[in-house]
Number of protein chains: 2
Amino acid sequence: MGYSIGQVAKKTGLTAHTLRYYEKEGLLPFVKKSGSGLRVFTDVDLDWLSMIECLKETGMPLKGIKQYIDWFLEGDSTLEKRLEMFKQHQKNLETEMQKLKKHMARISYKIKLYEKAVETGSLEKAQTDAEIIKERQKIFPEK
Amino acid sequence: MGYSIGQVAKKTGLTAHTLRYYEKEGLLPFVKKSGSGLRVFTDVDLDWLSMIECLKETGMPLKGIKQYIDWFLEGDSTLEKRLEMFKQHQKNLETEMQKLKKHMARISYKIKLYEKAVETGSLEKAQTDAEIIKERQKIFPEK
DNA sequence: ATTTGACTTAGAGTTACCTCTAGACTGCAA
DNA sequence: TTGCAGTCTAGAGGTAACTCTAAGTCAAAT
């Protein structure tokens, strides 16, 4: 019914160092200490870590995550702020995804190009290949 | 038919500082200098910058990008390596996108939750709402 | 001819996010 | 009870990717 820092490190893939660092930065406000000073993590803390991971991996800086946690701790008076934060984050994320998709198309094109190049032994030859040029035009319609 | 560092900065959204930094790091091996030592960028350099942007925004560190450029400069003997690099990068990217999608679903859920919470003035009330619980189960089927 | 603004270099400083060290303490197993 | 892995704190160190400073050069406009 409680986890040591090492157990949580294994569960989350973070290091114990990082968990202490997160706590120091105010990202884990619910972690308790045992009588002898050892951290005792609960499932609530694991839920928070999972939310932190979600926000971090979608590009929110630790400061932003901390802001959210601080608002959470302030209680229901900050509900609008938190909603607004999530909405903004979602918007950023959608923009980001659009960009990623374009970049992926470009990388797929590069793979086709380099497959052709490896086949013929020459990048230049591949670049003048009719199929490749057609492919390229899909990704760079302006050119 | 050549661009100054300031013109390229405007075109790309990077600062002149950053462009010099990229050059120092070996990311812009084709940029020439005028007689008086000013950098002269060409369209080829803009193409490279655009590729650098693509790789950087898809999470490749500058070192990885430099490796690619170094291989490019070595010529056709590194075609396989470059193909392999792009394939690996594509794989990473696909994994990343899957993760992002999951995170986005979670953020959408949070928005619904907080919309409900703002409506009722209480996060706790919102969390016990039947619709919200159903929504939550879509994202956390295990719970 | 002078001013204005962009450009040059080398190198120091910044921010975010860890990552590690040292030296001490804890808790369980043999 | 001895040993050893795990944990503690405070604080230093590291890395990536910029970002800026200083001190000076260059070039177009007035």
Side-chain angles (χ1 to χ4, degrees), chain A residues 1-29 31-42 45-46 48-70 89 92 96 99 103, chain B residues 1-29 31-42 45 48-70 89 92 96 99:
Chain A
M1 25 108 296
Y3 312 102
S4 75
I5 197 166
Q7 286 172 318
V8 176
K10 252 178 218 153
K11 267 179 209 281
T12 59
L14 300 167
T15 68
H17 281 311
T18 303
L19 287 166
R20 282 187 213 105
Y21 169 71
Y22 280 5
E23 194 195 348
K24 203 176 69 187
E25 297 298 308
L27 265 52
L28 298 168
V31 175
K32 299 283 180 297
K33 300 275 181 89
S34 76
S36 53
L38 302 198
R39 284 171 185 81
V40 180
F41 290 75
T42 66
D45 298 309
L46 293 181
W48 272 104
L49 279 166
S50 156
M51 192 68 221
I52 288 168
E53 186 196 15
C54 169
L55 294 173
K56 202 169 76 68
E57 292 193 342
T58 49
M60 187 180 288
L62 297 190
K63 267 187 192 172
I65 300 172
K66 169 144 176 50
Q67 175 64 87
Y68 166 58
I69 291 169
D70 287 347
H89 191 52
N92 297 345
E96 191 56 31
K99 233 193 301 185
H103 290 328
Chain B
M1 26 113 305
Y3 312 102
S4 75
I5 197 166
Q7 286 171 317
V8 175
K10 251 179 218 152
K11 264 179 210 280
T12 60
L14 300 167
T15 68
H17 281 311
T18 302
L19 288 167
R20 281 186 213 107
Y21 169 70
Y22 280 4
E23 194 196 348
K24 202 176 69 187
E25 297 299 307
L27 265 54
L28 297 168
V31 175
K32 300 283 180 298
K33 300 277 181 85
S34 76
S36 52
L38 303 198
R39 283 170 187 80
V40 180
F41 290 74
T42 65
D45 299 309
W48 273 104
L49 279 167
S50 157
M51 193 68 222
I52 288 167
E53 186 196 15
C54 169
L55 293 174
K56 201 169 76 70
E57 292 193 343
T58 50
M60 187 179 288
L62 297 192
K63 268 187 190 174
I65 300 171
K66 169 145 176 50
Q67 175 65 86
Y68 166 58
I69 290 168
D70 288 348
H89 191 53
N92 297 345
E96 191 57 30
K99 234 193 300 184

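Throughout, protein chains are lettered first and strands after them, A, B, ... in sequence-line order, and every chain is numbered starting at 1.
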**Request:** Carefully, step by step, assess B:Thr12 and B:Glu53 under the rule side-chain contact (heavy atoms from CB on, under 4.5 Å).
**Result:** CA-CA 9 Å; B:Thr12 60; B:Glu53 186 196 15; over 6 Å; no

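Distances were taken from every side-chain heavy atom of A:Lys56 (C-beta onward) to each of C:dC18, C:dT8, D:dC18; the shortest belongs to C:dC18. Of the candidates C:dT9, D:dA17, C:dC18, the closest approach to any side-chain atom of A:Thr18 belongs to C:dC18. When distances run from any side-chain atom of B:Ile5 to the nucleotides C:dT19, C:dC17, C:dT8, the shortest one goes to C:dT8. Listed nucleotides C:dC17, D:dA17, C:dG11 differ in distance to B:Lys24; the shortest reach to its side chain belongs to C:dG11. The side chain of B:Arg39 lies closest to C:dT9 when the candidates are D:dT19, C:dT9, D:dC8. Listed candidates were C:dC7, C:dC17, D:dT9. Nearest to the side chain of A:Lys33 is D:dT9.
Proximity of B:Tyr21 to the phosphate of D:dA16: no side-chain N or O atom is located under 4.0 Å from OP1 or OP2.
None of B:Leu28, B:Leu27, B:Leu55 except one satisfies the side-chain contact (heavy atoms from CB on, under 4.5 Å) rule with B:Ile69; the exception is B:Leu27.
A:Glu25 is linked by a salt bridge (Lys or Arg N to Asp or Glu O under 4.0 Å) to nothing, counting only residues two or more places apart in sequence or in another chain.
Between the two ends of the helix from C:dA1-D:dT30 to C:dA30-D:dT1, each summarised by a five-pair axis, the helix axis turns through 0° (rounded to 10 degrees).
Residues B:Arg39 and B:Lys33 meet the side-chain proximity criterion, which asks for heavy atoms closer than 4.5 Å. Under the 4.5 Å side-chain criterion, counting only non-hydrogen atoms from C-beta, B:Val8 is not in contact with B:Asp45. A:Tyr22 has its side chain out of reach of A:Val31: every pair of non-hydrogen atoms, C-beta onward, lies at least 4.5 Å apart.
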**Request:** Can you check each nucleotide of nucleotides 21-30 of chain D against protein heavy atoms at under 4.0 Å and return B for base, S for sugar-phosphate only, - for none, in 5' to 3' order?
**Result:** B----SS---

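As judged by a 4.0 angstrom heavy-atom cut-off over every strand, B:Ser4 is placed among residues touching the sugar-phosphate backbone only.
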